[in-house]
Amino acid sequence: MDTNTIILSCVAGYMLLCLVIGLWAMKRTKNTHDFFMASRNLGVIVTGVALFSSIMSGFGFVGGPGLIYRMGASSIWILVTTPIGWALAFFLVAKRIRLLAEQRNAMSLPDIAAARYESRTVRALVAIAVLCGVVAYLATQIKAMAFVLQDIFAKNGIWGHESVVFCVAISCAVLVFYCVTGGIIASVYTDLFQGLMMMVVAVFIFFTAIGHVDRGIGGMMQIIHTDNAESASTWGTLGMLGCLSWFLLFTLGVVGQPHVVTKMMMTRRVEDARASLPITLIGYTITAMLWISIGLLMRALVLNGDHESLLRADDAAAQFLQYYAHPVLAGLAFAGLFAAIMSTADGFLNIGAAAIVHDLPKAFTGRGITRELFWARIATVGLAVLAALFALQSPIKLIGQLGAFGWGVFASALVPVIGLGLNWRSATKRAATVAIASSLVINAGIVIYQMTGGAIPYGVAGGVIALLVSTILFISISILSKPDPLAADVEAIMEL
Amino acid sequence: MKSYLILLGLLILTAVTLAIAITRPLPQDATGGPHPSHAEMKQGGTPERHQGKLLLGWIYGAAQISLFMVAIGISIPQGRPGRGWLAAGALIYFAVFSALMLAYAQDHESVPFILGFPWPTAVLVFGVWPASALFAILYATHFRAWIYSAADAKRFAEIKAQYPGGDTHGY
């Protein structure tokens with residue numbers, strides 16, 4: 001069996017397993033509470049692994065090595081931020097969101113925001129911010145899946161390989177099937193399988209990669225340093241301000257990721273957060289080894305003249321797997337790549353569907369809709385189709401910008417409103433409204449500015465500006481306003 | 001309220017430092033430049049691109065670390081024991097970040113390699129990275145003291161009993 005056939009078999013096997021998990025989860029999904037909240041019955045390991053695999057997306061498996069190839073040591077800053085980012089998310093959010101979810105039987109992040117601020121406007125704005133980010137992010141994930149599948153099909157001479165539409169359809173069909181049938185239960189259990197698979201693959205890839213250069217990582221760094229010392233130094237090619245801006249955005253940003261904090265509502269017990277955090281952190285750190293080792297190896301090999309220049313930096317992972325990994329490892333890694341993308345995308349589909357069928361109707365009419373589970377499934381399909389069309393119709397440059405827009409919106413809208421708001425009694429609904437609205441406007445403005453050729457000096461990420469402005473507005477307005485009355489149960493929970 | 005004033009001050013300090021930094025004249029290689037031989041690869045230029053900006057960078061980074069520490073601090077209810085550990089963790093984090101800035105500011109001609117990385121990058125990988133994991137360890141080890149004690153669990157059960165179904169007011 002040749003390499004391409006092994007890769008295709010691994011990917012097909014992986015997708016088949018996702019379908020099986022979807023069917024298994026369907027039997028356990030009886031109502032919307034199961035569909036969106038997994039009946040708040042997730043164990044420690046499932047939650048811990050699902051959390052890290054939700055955030056280690058296609059960006060980590062494809063974009064991460066590509067970033068090191070392009071920028072040298074700069075992207076290590078994204079990884080360095082992760083432990084403190086996870087710690088902040090758990091300190092600020094995990095306990096109170098879980099307690100509020102149980103007390104109010106909440107099914108979504110906007111449910112929590114509505115309970116905390118007693119405001120339909122805040123509920124609507126959180127739902128809109130979630131939807132904007134979800135569509136943008138989903139489009140990037142679907143496009144990433146389609147590109148990888150197209151490459152695999154092309155190498156195997158399979159019909160339809162020339163069609164991105166065909167690849168998008170295949171990728172979305174599997175994703176939608178298990179998300180529609182099994183809701184969040186299918187999502188978290190595929191996340192569990194996907195996360196474990198990513199960890200195993202990352203370990204093997206790390207040791208494979210360091211075996212290709214004398215003195216392993218040290219040898220790679222020496223080659224990169226000899227070519228250009230700054231590329232191997234602390235700030236890489238991006239420079240100090242760009243790296244330190246990533247430090248802020250990616251650290252605080254974790255607190256505002258709705259597909260992450262929503263999973264904190266689903267644990268069986270409040271106390272489970274204690275063990276989930278180390279599991280999440282260990283999982284993320286292990287998978288980060290893939291990011292660093294492939295990126296450094298490919299940059300070093302190309303600089304040393306041992307490998308041809310890459311046509312696209314994002315090809316670093318694919319080229320490594322094709323030329324330097326054992327065929328079985330390459331097959332598992334491609335399946336792991338799909339796992340990384342799908343584990344992020346399924347979480348987005350679920351929270352996006354909740355925003356459409358659960359939160360927006362409640363925000364605008366004050367009550368929920370009938371047959372919510374049926375409409376949740378329809379909304380999941382609709383959202384995937386919308387994101388797929390978006391991915392197909394948008395130029396590649398816009399797709400990249402939308403990914404940054406998604407992270408920026410989540411961070412700047414939800415860090416103050418959820419991260420700080422759940423801890424601060426004096427935070428007001430007016431402050432929450434202004435913070436979310438400003439984050440949407442600023443992030444959209446930055447995307448338009450960058451699409452029309454503008455650039456923020458020193459490589460500073462646009463999301464940082466939106467995050468700083470929205471959080472400063474949130475705290476200032478809350479300090480200057482009279483505190484809103486809170487529901488007695490919410491106030492009591494906030495004192496815990 | 002006092003903690004949030006500090007938080008606001010730190011956010012403003014971070015924003016002002018960033019604003020001052022990005023409005024300074026932009027060196028040609030501020031964010032690197034194209035590699036002469038490999039189209040998709042960038043080079044970082046020379047360390048001179050950061051000349052006169054390192055102090056600003058230290059303030060920018062230190063303000064962020066303070067921000068993270070205050071944020072963690074406000075999530076722990078008043079009067080919980082063992083907060084000294086959080087202060088110790090914060091000091092270690094500051095020290096390691098400062099060491100990173102110092103390591104980068106030193107002579108660039110003869111950078112020693114430590115554990116496979118140039119000295120400043122080694123501080124980032126083996127210093128800043130593990131130091132930030134310290135707070136996750138503190139979360140797990142101090143969970144009962146800081147986050148959710150037996151008394152909290154008892155109080156939550158009382159809240160649930162007192163407000164069955166929630167005091168929703170229609171929200």
Side-chain angles (χ1 to χ4, degrees), chain A residues 70-71 73 76 80 83-84 86-88 90-92 95 99 103-104 114-115 118 217-218 221 225 228-234 236-242 244 247-248 251 270-271 274 277-278 281 302 309-310 312-313 366 423-424 457-460 468 471-472 475 487-489 492-493 496, chain B residues 1 4 7-8 11-12 14-15 21-22 26 30-32 38-47 49-50 53 57 60-61 64 68 71-72 74-75 100 104 108 113 116-118 120-121 124-125 128-129 132-133 135-136 139-140 143 147-148 152 155-156 159-160 163 166-171:
Chain A
R70 185 186 291 123
M71 296 180 156
I76 294 175
V80 163
I84 183 83
W86 280 115
L88 269 168
F90 273 80
F91 269 109
L92 287 171
K95 175 183 74 178
L99 293 174
Q103 169 63 13
R104 292 299 184 93
E118 298 218 300
I217 296 279
M221 289 306 291
H225 182 266
N228 172 242
E230 277 290 278
S231 307
S233 195
T234 317
T237 66
L238 180 63
M240 180 179 68
L241 284 176
L244 288 176
F247 186 41
L248 181 64
T251 299
V270 183
E271 294 86 343
R274 179 183 197 172
L277 174 57
L281 201 54
V302 168
S309 283
L310 303 185
R312 293 182 313 177
N423 292 279
W424 189 22
Y458 291 96
V460 171
L468 285 170
T471 313
I472 287 171
I475 297 178
D489 58 338
I493 285 173
L496 292 178
Chain B
M1 182 69 88
Y4 283 87
L7 205 60
L8 181 62
L11 281 162
I12 292 170
T14 308
I22 63 172
L26 195 66
T31 56
H38 307 290
E40 278 283 288
M41 204 182 275
K42 291 177 91 176
Q43 282 190 327
T46 63
R49 64 185 174 147
H50 292 122
K53 295 192 187 74
Y60 185 42
Q64 290 180 35
F68 305 153
I72 288 176
I74 61 170
S75 74
L100 174 108
Y104 182 79
H108 290 268
F113 272 59
F117 291 89
T121 318
L124 176 67
V125 174
V128 179
W129 200 347
S132 61
F135 302 97
Y139 182 85
F143 188 85
I147 310 296
Y148 198 63
D152 291 332
R155 174 73 187 120
F156 181 57
I159 294 168
K160 280 202 299 181
Y163 305 100
D167 180 22
T168 65
H169 299 162
Y171 296 101

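Proteins get letters first, then strands, A, B, ... in listed order; numbering begins at 1 in each.
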So, for Gly459(A) and Thr31(B), which heavy atoms are closest and what is the spacing to 0.1 Å? N-CG2, 3.4 Å
Out of Ile12(B), Ile147(B), Leu7(B), Ile74(B), which one racks up the most heavy-atom pairs below 4.5 Å with chain A? Ile147(B)
From the list Glu271(A), Arg274(A), Met71(A), the residue making the most non-hydrogen contacts under 4.5 Å with chain B is Arg274(A)
What are the two closest non-hydrogen atoms of Thr46(B) and Glu230(A), and how far apart are they? C-CG, 3.8 Å
Between Ala136(B) and Ala87(A) the two heavy atoms that sit nearest each other are N-CB, 3.9 Å
If you take all heavy atoms of Tyr163(B) and Ala488(A), which pair is closest and at what distance? OH-CB, 3.2 Å
So which residue, Ile76(A), Leu468(A), Thr471(A), Leu248(A), ends up with the most heavy-atom pairs under 4.5 Å with chain B? Leu248(A)
Side chain from CB out, backbone as N, CA, C, O: work out which of these in Val302(A) comes under 4.5 Å of a heavy atom of chain B, or both, or neither. both
Taking the side chain as C-beta and beyond, is there a heavy-atom pair between Leu496(A) and Arg155(B) under 4.5 Å? yes
If you count heavy-atom pairs under 4.5 Å with chain B, which of Pro278(A), Ala73(A), Gly242(A), Ala492(A) comes out on top? Ala492(A)
Given the options Leu99(A), Val460(A), Ile493(A), which has more heavy-atom pairs under 4.5 Å with chain B than any of the others? Leu99(A)
Determine the sole option in Val80(A), Thr234(A), Ile84(A) for which the side-chain contact (heavy atoms from CB on, under 4.5 Å) test with Val128(B) is passed. Val80(A)
Assess the residue pair Gln64(B) and Leu244(A) against the criterion (side chain to side chain contact (heavy atoms under 4.5 Å, CB included)); give the C-alpha distance rounded to whole Å, side-chain angles, the decisive distance to 0.1 Å, and a yes or no. CA-CA 9 Å; Gln64(B) 290 180 35; Leu244(A) 288 176; 4.2 Å; yes
Rounded to the nearest 0.5 Å, what separation is found between the OG1 atom of Thr237(A) and the NZ atom of Lys42(B)? 5.0 Å
Side-chain heavy atoms of Tyr458(A) within contact of Lys53(B), under 4.5 Å: yes
Roughly how far, to the nearest 0.5 Å, is CD of Glu40(B) from CZ of Arg70(A)? 5.5 Å
Under a 4.5 Å cut-off applied to non-hydrogen side-chain atoms, are Met240(A) and Tyr60(B) in contact? no
Please tell me whether Phe91(A) and Phe68(B) form a close aromatic pair, meaning their ring centres lie under 6.0 Å apart. no
Tell me, out of Leu281(A), Leu310(A), Leu92(A), who's got the most heavy-atom pairs with chain B below 4.5 Å. Leu92(A)
Contact check, side chains of Phe135(B) and Leu88(A), non-hydrogen atoms, under 4.5 Å: no
Taking atom CG of Leu26(B) and atom CG of Leu241(A), what is their separation to the nearest 0.5 Å? 10.0 Å
Between Gly44(B) and Ser231(A), what is the shortest heavy-atom contact and its length? N-OG, 3.5 Å
Cut-off 4.5 Å, heavy atoms of chain A, and the answer for His50(B) is side chain
Phe90(A) pairs by ring pair (Phe, Tyr, Trp, His ring centres under 6.0 Å) with which of Tyr148(B), Phe143(B), Tyr139(B)? Tyr139(B)
Correct closest heavy-atom pair for Met221(A) and Thr121(B) would be CE-CG2, 4.5 Å
For chain A, find which of Ala15(B), Ser75(B), Gly116(B), Ala39(B) contributes the most heavy-atom pairs closer than 4.5 angstrom. Ser75(B)
Counting only N and O atoms by type, is there a donor-acceptor contact under 3.5 Å from the side chain of Asn228(A) to the main-chain atoms of Gly45(B)? yes
